[in-house]
Amino acid sequence: MTKRRSLRSLIRILGPGFVSGAADNDPAGIATYTQAGAQFGYGQLWTALFALPLLIAVQEACARIGAVTGKGLAAVIKENYSARVLYAAVSIIVITNTINVGADIGAMGEAIRLIVPIPFFILVLATAFITLSLEIFSSYQIYARYLKALSAIAFVYLLTALFVEEPWMKILRATFVPHVELNFAFLFIVLANIGTTIAPYLFFWETSQEVEEDKAAGRIGPRGTVSISSRAISNIRIDNAVGMFTSQLITWSILVVSATVLNQHGVTDLKTAADAAKALEPLVNSFPYAGLLAKLLFAIGIVSAGLLVVPILAGSAAYALSEMLNWKEGLNLKLKRARGFYGLITASTLIGLAINFLGFDPIKLLVYTSVLNGVAAVPLILLISLIAKNRAIMGERVSGILSVGLTWLAFGTMAAAALAALVTFQQGN
């Protein structure tokens, strides 16, 4: 009885942190981790474990900023930094998110086309329409419930990892002992791996969603002051840790499966969605039409991830711009009360949709988007670290030594990965 009650309590605690963790394994993430496993085998397994504490630290800082100030990240930057810093931060999130939206919509279209022979342009139009409708016309409380449920499909990779015969001692060693190759191809994918894990859109999204939680719980007073208990802060940390651990467990599973199934069988470069879907074939080999069933599972996973993350991408960009422009914003508001906010969501989605008609390879675009996120995250993590330890902004809820140290380590790691990739590229390695 006590265990059941504890489980129910944990489920009630799960909110923005868990949804953010689920959204971390978006189509770009799935494609990037699959490419990493296919190209380098178990060589980049360590990145999943290494990134976990950094991801938890950065996202916990973002969540705490939103919960303590009652303001989104852009609004906090606007109040405490120069206009140039604000415009730079908002520009980064709007540009990267819009490209990400386009890449994810394209991936959803490609995944569906594995099962249904419908022209690509019709599929991307349909997926864009569905995601827009969900975000604009459904309430956040109901939508968030579905977001949690949708995240469960990603566990198919963990099931595959456990089902397939694996060289577990080799896998454990690769997980805990870093392997580094000083060449552009390897460092490029390392940057993509970390960039799609510690991604800018999650910074703005989780901060804004904690503000929504403050509003729903009645923590924000008439003058905008926030009254939040230590218990609420503790719950935010638990929610965040569970979400990010789940995210990285799935990341690790994708790397393991793609290394075992793809790399070990000579598939080292993903050219189509069908190549990526092969990673799931061992799970269904004993069933009739195993190839088709693997494609179906892959398609469901990509579409579920896309439905989860495209609204988050468009929404986080809309939150940032609305806060900068002093527009009413929030998924708790109806369309007629926040037309500008929902207009920005629509514009971001439609511009992203248009990217799919420029002739880019949908699978390669996902990996390049992850690299872009890795580069864009660097200045934003610097800002988050400075805000989270600023007593004038955070009061008694400033970051502790461990949080500050891990956030700065995330900043240094991503800056170093971007620089190393650039240097090796220029040297032609």
Side-chain angles (χ1 to χ4, degrees), residues 24-51 54-55 92 95-96 99-100 102-104 106-107 170 173-175 177-200 248 251-252 254-260 262-273 275-276 279 355 358-382 409-429:
D24 205 13
N25 289 306
D26 67 330
I30 293 171
T32 300
Y33 305 138
T34 304
Q35 177 61 53
Q39 189 171 355
F40 298 105
Y42 303 120
Q44 295 198 10
L45 263 183
W46 60 272
T47 60
L49 181 63
F50 177 78
L54 309 185
L55 176 63
I92 287 171
I95 293 168
T96 55
I99 294 171
N100 229 337
D104 285 350
K170 185 176 181 180
R173 179 178 173 80
T175 301
V177 180
H179 166 79
V180 178
E181 297 175 18
L182 297 178
N183 59 71
F184 174 70
F186 189 89
L187 294 173
F188 182 81
I189 296 297
V190 167
L191 178 59
N193 270 347
I194 300 176
T196 198
T197 298
I198 307 174
Q248 289 308 94
T251 294
W252 179 85
I254 296 171
L255 287 164
V256 168
V257 168
S258 55
T260 302
L262 300 180
N263 181 269
Q264 299 298 317
H265 292 86
V267 180
T268 58
D269 186 27
L270 303 184
K271 298 186 183 301
T272 65
D275 289 337
I355 291 172
L358 299 179
F360 294 111
D361 180 331
I363 301 300
K364 297 297 183 190
L365 183 59
L366 292 170
V367 178
Y368 296 145
T369 300
S370 297
V371 172
L372 177 63
N373 280 331
V375 175
V378 175
L380 295 177
I381 293 174
L382 175 61
L409 181 57
F411 167 75
T413 298
M414 298 187 78
L419 183 61
L422 177 62
V423 169
T424 53
F425 174 74
Q426 288 180 331
Q427 292 177 345
N429 292 334

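Predicted model only: the values in this text are computed from it and were never measured.
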> Is there side-chain contact between Thr47 and Leu255, with at least one heavy-atom pair below 4.5 Å?
yes
> Would you compute the distance between atom OG1 of Thr196 and atom CD1 of Ile189 and round it to the nearest 0.5 angstrom?
11.0 Å
> Please name the pair of heavy atoms, one in Val371 and one in Ala192, separated by the smallest distance, quoted to 0.1 Å.
CG2-CB, 3.6 Å
> Do you know which two heavy atoms are closest between Val378 and Ala415, and how far apart they sit?
CG2-N, 3.7 Å
> Quick one: are Leu366 and Asp104 in side-chain contact, heavy atoms under 4.5 Å?
yes
> Under a 4.5 Å cut-off applied to non-hydrogen side-chain atoms, are Met414 and Asn373 in contact?
no
> Nearest 0.5 Å, please: how far is CG in Asp24 from OG1 in Thr251?
6.5 Å
> Taking all non-hydrogen atoms of both residues into account, name the closest pair between Ile99 and Ile355 and its distance.
CA-CD1, 3.7 Å
> If every non-hydrogen atom of Ala376 is compared with every non-hydrogen atom of Thr96, which pair is closest and at what distance?
CB-CG2, 3.5 Å
> How long is the straight-line distance from CG of Leu365 back to CG of Asp361, given to the nearest 0.5 Å?
8.0 Å
> Between Thr32, Asn100, Asn193, Thr197, which is the residue that forms a side chain to side chain donor-acceptor pair (under 3.5 Å) with Ser370?
Thr32
> Quick check: closest heavy atoms across Ala51 and Ile198, and the distance to 0.1 Å?
O-CD1, 4.5 Å
> Looking at Trp46, Phe186, Tyr33, which hits ring-ring contact (aromatic ring centres under 6.0 Å, His included) with Phe40?
Phe186
> Could you work out, with side chain to side chain donor-acceptor pair (under 3.5 Å) as the rule, every residue matching Ser258, not counting sequence neighbours?
none
> What are the two closest non-hydrogen atoms of Thr34 and Ile30, and how far apart are they?
OG1-O, 2.6 Å
> Are Thr268 and Asn263 packed together at the side-chain level, in the sense that at least one heavy-atom pair is separated by less than 4.5 angstrom?
yes
> Please round to the nearest 0.5 Å and tell me the distance separating atom CD1 of Ile254 and atom CD of Gln248.
10.0 Å
> Kindly indicate whether the side chain of Tyr42, heavy atoms from C-beta on, has any atom under 4.5 Å from the side chain of Thr260.
yes
> Between CD1 of Ile194 and OG1 of Thr413, what distance do you get to the nearest 0.5 Å?
6.5 Å
> Start with the C-alpha distance between Val367 and Leu270, add both sets of side-chain angles, then the distance that settles side-chain contact (heavy atoms from CB on, under 4.5 Å), and finish with yes or no.
CA-CA 10 Å; Val367 178; Leu270 303 184; over 6 Å; no
> Kindly indicate whether the side chain of Gln35, heavy atoms from C-beta on, has any atom under 4.5 Å from the side chain of Asp269.
yes
